[in-house]
Structure formats: structure tokens, C-alpha cells
J.: 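Have a look at the structure that comes next, please.
We use all heavy atoms of the structure for the numbers below, so side chains are in, but hydrogens, waters and symmetry mates are not.
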Amino acid sequence: MGKSSPTHHTKGTRPHRLDEVSLGFNKKVAQDEARRCPQCAEATCLPGCPLGIDIPGFIRLLREGTRAGPGAY
């Protein structure tokens, strides 16, 4: 399974929009990407997150198809 890239607004529409350029992933692609995570015992991704998000927990919820949001884990 190869790495996916999120969709974006086209270059022509970006100057006329005030919302995010990146549209992110749809649910299926997000779940496919979550399955790529090895769920390490010592998650090396945690120190790299400036917000202190439980990245493995968030990815686990995506993998299971559980709605992830504030207070979800």
C-alpha cells in the first residue's frame, strides 16, 4: 500500500478562498493511511507533536472506523 496525498483546492481557486488549501483525506483513504502505522510500543511520533496529541490513540480510532474528535480517547 503506497502513501496517499491529501486533496487540495486548485491553484486557480486558492486566491479567492479564505478556507484551508488542503482538503484532507476522505474516510476510506484516512483508514488506509492509519493501517500503515506500525503502532510502536514506544511511539516515536509523540515527542514530535507540539500539541501533545495522543497520535497512536487517534490513529487507532481511525483504523477502527471510530469517530475521532475532542475527548474521543
Side-chain angles (χ1 to χ4, degrees):
M1 178 182 336
K3 184 178 176 182
S4 300
S5 296
T7 56
H8 295 85
H9 288 295
T10 62
K11 290 180 183 178
T13 63
R14 289 181 194 172
H16 309 289
R17 303 186 70 93
L18 298 176
D19 54 343
E20 292 288 331
V21 171
S22 176
L23 301 173
F25 298 115
N26 64 36
K27 184 175 180 177
K28 180 182 179 340
V29 173
Q31 286 179 315
D32 289 345
E33 285 296 304
R35 288 185 188 98
R36 295 178 62 235
C37 175
Q39 293 287 306
C40 307
E42 295 292 323
T44 58
C45 56
L46 289 175
C49 180
L51 300 176
I53 294 172
D54 176 13
I55 297 169
F58 183 80
I59 290 174
R60 192 170 25 261
L61 290 174
L62 284 173
R63 183 183 290 180
E64 294 168 357
T66 305
R67 183 177 171 95
Y73 48 93

J.: Search all heavy atoms of I55 against all heavy atoms of C49 and return the closest pair with its distance.
T.: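 Closest pair (atom of I55, atom of C49, distance): CD1-CB, 3.7 Å.
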J.: If you measure from SG on C45 to CZ on F58, what distance do you get to the nearest 0.5 Å?
T.: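 It is 12.0 Å, given to the nearest 0.5 Å.
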J.: Can you list the residues that meet the side chain to side chain contact (heavy atoms under 4.5 Å, CB included) rule with E64, with sequence neighbours excluded?
T.: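 Partners of E64 under the side chain to side chain contact (heavy atoms under 4.5 Å, CB included) test: R60, L61, T66.
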J.: Would you call Q39 and C37 a side-chain contact if the rule is heavy atoms closer than 4.5 Å?
T.: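 They are in contact (side-chain heavy atoms under 4.5 Å apart), so the answer is yes.
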J.: Provide the closest heavy-atom pair for P50 versus G48 in the form atom of the first, atom of the second, distance.
T.: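 Smallest interatomic distance, heavy atoms only, reads CD-O, 3.3 Å.
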J.: Would you mind reporting whether L46 and P56 have side-chain heavy atoms less than 4.5 Å apart?
T.: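 Yes; the side chains approach each other to less than 4.5 Å.
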J.: Can you name the side chain to side chain contact (heavy atoms under 4.5 Å, CB included) partners of Q31, sequence neighbours left out?
T.: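 Scan of Q31 (side chain to side chain contact (heavy atoms under 4.5 Å, CB included), adjacent residues dropped) gives K27, R35.
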J.: Looking at residues at least two apart in the chain, or sitting in another chain, which of them share a side chain to side chain donor-acceptor pair (under 3.5 Å) with K28?
T.: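 Applying side chain to side chain donor-acceptor pair (under 3.5 Å) to K28 gives D32.
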